[in-house]
**Q** 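Questions regarding the structure given below will be posed in turn.
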Amino acid sequence: MTVSFAVAPNFQLKGSWTDRLLVAEGDGWRAANADEVTALTLSEPPEGGDACACLFTVPMHLRGRFWMMLDQEAVEGSGDFVSFSYDLAEFLRFKQLPLPNDSVCELLLQDAAGQLTTDDVWALVNFGEDPVELAWPQLRLRLNSGEGVRMASGSTADVVPPANDDLNVLLAICLATA
Amino acid sequence: MIAADHVGPLELLVIQPTPFCNLDCSYCYLPNRLDKRKITLETLEKTYDWVFSSGLIRQPFTLLWHAGEPMVLPASFYEQATVLLESRNTSGFEITQSFQTNATLVNKDWCDFIRRRNVQVGVSVDGPEFLNDRNRTTRNGGGTLDRVLRGMQVLREHDIFFDVITVLTSASLDYPDELFDFYIEHGITDVAFNVEEIEGPHVTSSLAGTGMEPRFRRFYSRFMDLALASDPPLRVREFETSRSSIACREQLDDRRTQECRPFGILNVDCEGNFSTYSPELLGLSSPRLGSFALGNVARDSLESILTMPRFLALDDEIRRGVDLCRESCRYFPFCGGGPPGNKYFENGDFATTETLSCRLHKKATFDVALDKFERLRAMT
C-alpha cells in the first residue's frame with residue numbers, strides 16, 4: 001500500500017514536505033525530491049475519511065502543559081494526565097479533528113532498543129524536543145517537535161528508535177480496540 | 001441648533017499627523033495612504049486651542065495619534081508637539097497621549113520619547129506570520145511581521161509596555177490557539193480584537209459571508225477559555241468591555257456612546273479639518289450628506305458647527321439610528337448604539353441598526369462573555 005500525506009485542515013506547519021519525507025536510497029535515506037513529494041502528498045485530505053495520513057501540530061501552550069504535567073508527576077506524583085488528554089482532545093475537536101469514540105491516550109517513551117508500531121494507533125504526537133521518524137517500506141516521515149500525525153487507515157508504521165541515549169517522547173491516541 | 005447638553009463631553013482627540021502609511025494592509029479604511037502630507041505645528045496649535053476653548057473636555061482625556069502611521073514623523077516632532085500641548089493646556093487637564101502604530105519604525109529615539117513623556121503605545125499586529133502577513137503587507141506585497149517583531153523587541157528592551165490590536169479576518173477564526181501562543185511567546189498581556197469591517201474604500205469583509213457568526217463565536221469562546229486560564233490571565237479588551245457594561249448597565253440606558261454623540265470624539269486631519277463621531281468618517285463624504293469633515297480648526301468654531309445644517313442633518317440621522325437600536329436591540333443597554341461609521345458604510349444610512357460589527361464585535365463577544373461569567377459563577 002502507498003501512503004499519502006496531507007496537512008490537516010485548519011493547521012499550519014512550518015517547513016516543507018522535502019524536510020519531512022525521506023525515501024530509501026541504498027543503505028540510507030535522502031530527502032524526497034519534488035516529483036516524489038508530488039506523488040506522496042495531497043494539497044488537502046479527501047473529505048470524510050482517513051485515507052491519507054494527516055499532519056497536525058500541537059500548540060505551544062499545550063506542549064508546555066504536557067511537560068509541566070510530567071514534572072508534577074515526577075516531583076509530587078500529581079501529574080494529571082487525564083485532564084491533559086481531555087484538553088488535547090478539546091483542541092483537536094476545535095480543529096475538526098475529533099478523536100474517535102472511546103479512544104485512549106497513552107504516553108510512550110521509546111529508547112534506542114524500543115520497538116514501537118502504530119498498530120491500532122489513530123494518531124501519534126511527538127512531544128520530545130528532537131524529531132521522530134515513522135517508517136513505512138522505503139519511506140519515512142519526520143515529525144518535528146510538537147507535530148503529530150493522524151494515521152491513514154490500514155497503514156501501519158514503525159517508530160524509528162532514537163539513535164543515541166535520548167528517548168522518543170510520544171503521545172499515542174489509540175483506538176478503542178487497542 | 002443642537003442642545004448644549006447633547007454635545008460632548010469630549011473624551012478623545014484623534015489626530016492624523018499624516019495620511020501616509022508605510023504599510024499597505026488589505027483591509028485598511030484609509031483612502032489616501034500614499035499621501036505624504038504632514039501636520040504642522042501651526043495646525044496643531046490651532047487644534048489645541050480649538051479643543052481647550054471648546055469647554056467640552058472631560059477627564060480622563062486622551063490624545064490619540066492615529067489614522068496613518070504616526071511614527072512616519074520623527075519622535076522629535078512629537079516632542080515639540082508635546083511642549084506645545086503643555087503650553088496651550090492652561091487649565092492643566094490631565095492628558096494621556098497614545099500612539100496606535102505598526103511598530104515597524106520604532107527605534108531608540110522613539111523609546112526615549114515614549115518613556116520621557118509616558119506615552120501609551122498600541123501595536124497593530126495580527127498574530128503569527130501566516131495570519132499577519134496575509135493582510136498586513138508592504139506595497140509590493142511583502143510580509144511585515146519580522147519588522148513588527150523587531151519593533152516590539154525594541155519596546156521591550158526599553159521596558160515600554162504596549163498593548164496589541166489584532167484585526168480578525170475569516171482566516172483567523174480557525175486559529176485561536178495559535179494566536180494565544182503568539183501573544184504569550186511575545187510577552188503580550190493586553191489584546192484587543194477588531195473585526196475586518198466594511199468601511200470607506202474597503203467595501204467587503206471576509207467575515208461577511210454565511211456561517212461566519214457561529215465560527216466567530218466558536219473562535220472567541222475558545223480564545224477566552226485560553227486567556228482566562230493563563231497565568232496571569234491574558235486581558236482581552238472585548239471581555240473587559242462586556243464585564244464593565246454588565247456592571248454599568250443602568251448608566252448606559254440613556255447615554256449615547258462616545259462614537260454616537262456629537263463631539264464625544266474629535267477627529268482632526270493633517271490640514272486641521274475635523275469631524276466627530278466615528279474616526280473612520282474623517283476624510284470621507286456622502287453623496288447625500290456631503291463631507292463628514294464639518295470644519296477646520298483654523299476657521300470654524302464649535303458654535304458655528306452646532307448651527308450648521310449639514311451637521312444637524314448628520315446628528316439627526318445618527319440620533320435616529322441610536323433610537324432604532326434602543327427600540328429594536330436587546331443588547332442596547334450594554335452597547336448604547338452601534339458605531340455610526342459601520343452603519344453608514346454597511347447600510348448606506350446612519351438611521352439604521354445592525355451591522356457586521358454589531359453581530360460579531362458586540363453581540364457575539366457579549367454572549368460569550370456572559371456564558372463565561374455564568375460558568376465561573378457556577379464553579380465558585
Side-chain angles (χ1 to χ4, degrees), chain A residues 6-17 19-20 43-45 47 54-69 71-72 78-80 82-99 123 125-127 129 144-148 150 171 173, chain B residues 126-136 143 145-146 149 166 168-189 191 206 211-212 214-234 236 364 368 371-372 375 379:
Chain A
V7 175
N10 309 322
F11 284 92
Q12 300 283 329
L13 270 67
K14 289 180 180 165
S16 65
W17 285 112
D19 299 327
R20 304 175 193 287
S43 58
E44 54 188 48
E47 274 187 38
C54 275
L55 270 66
F56 59 91
T57 185
V58 172
M60 219 163 43
H61 68 88
L62 275 178
R63 284 182 249 165
R65 284 262 330 271
F66 176 86
W67 285 102
M68 192 183 299
M69 173 200 67
D71 284 347
Q72 286 169 343
S78 61
D80 190 345
V82 172
S83 290
F84 174 79
S85 302
Y86 176 82
D87 290 345
L88 178 64
E90 276 293 297
F91 165 71
L92 291 173
R93 185 164 59 189
F94 180 89
K95 290 291 199 176
Q96 298 178 11
L97 196 61
L99 273 57
V125 184
N126 174 17
F127 276 98
E129 289 182 3
N144 293 316
S145 178
E147 293 179 350
R150 191 217 57 200
L171 187 140
I173 301 168
Chain B
D126 286 358
E129 185 179 356
F130 71 89
L131 291 175
N132 186 81
D133 290 358
R134 178 187 283 256
N135 296 301
R136 300 190 64 80
L145 184 65
D146 288 350
L149 292 180
T166 291
L168 298 174
T169 65
S170 167
S172 318
L173 302 186
D174 295 320
Y175 298 100
D177 289 72
E178 290 79 355
L179 273 168
F180 177 79
D181 274 358
F182 175 84
Y183 300 134
I184 298 301
E185 181 181 1
H186 296 290
I188 294 159
T189 57
V191 177
S206 63
M212 284 299 160
R215 277 187 68 206
F216 183 89
R217 285 172 187 262
R218 196 164 167 267
F219 161 87
Y220 186 64
S221 178
R222 171 85 189 161
F223 187 89
M224 284 314 310
D225 284 342
L226 297 172
L228 291 169
S230 65
D231 185 19
L234 182 65
V236 179
V368 169
D371 180 61
K372 303 298 174 200
R375 282 170 198 259
M379 285 167 63

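To find a chain, count down the sequence lines: A is the first, B the second, and so on, and within it residues start at 1.
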**Q** Give a yes or no on whether Q72(A) atom CD has more than 12 heavy-atom contacts from other residues, nucleotides or ligands under 6.0 Å away.
**A** yes
**Q** Among L62(A), D87(A), T57(A), N10(A), which residue has the highest count of heavy-atom pairs closer than 4.5 Å to chain B?
**A** N10(A)
**Q** So, do F94(A) and P176(B) sit near enough that their side-chain heavy atoms are less than 4.5 Å apart?
**A** yes
**Q** Contact part of R218(B) toward chain A, heavy-atom cut-off under 4.5 Å: side chain, backbone, both or neither?
**A** both
**Q** Any chance you could measure D181(B), atom CG, to R63(A), atom CZ, to the nearest 0.5 Å?
**A** 7.0 Å
**Q** Flag the pair M60(A) / F180(B) as yes when at least one side-chain heavy-atom distance between them is below 4.5 Å, and no otherwise.
**A** no
**Q** F130(B) versus chain A, heavy atoms under 4.5 Å apart: side chain, backbone, both or neither?
**A** side chain
**Q** Go through it in stages, so that I can follow the logic: the residues are H61(A) and I184(B), the test is side-chain contact (heavy atoms from CB on, under 4.5 Å), and I'd like the CA-CA distance, side-chain angles, deciding distance and then a yes or no.
**A** CA-CA 9 Å; H61(A) 68 88; I184(B) 298 301; over 6 Å; no
**Q** Charged N to carboxylate O under 4.0 angstrom, E178(B) versus K95(A)?
**A** yes
**Q** For Q12(A), does the CD atom have more than 12 heavy-atom neighbours from other residues, nucleotides or ligands under 6.0 Å away?
**A** yes
**Q** Side chain from CB out, backbone as N, CA, C, O: work out which of these in L173(B) comes under 4.5 Å of a heavy atom of chain A, or both, or neither.
**A** backbone
**Q** Nearest 0.5 Å, please: how far is CG in D177(B) from CZ in F11(A)?
**A** 8.5 Å
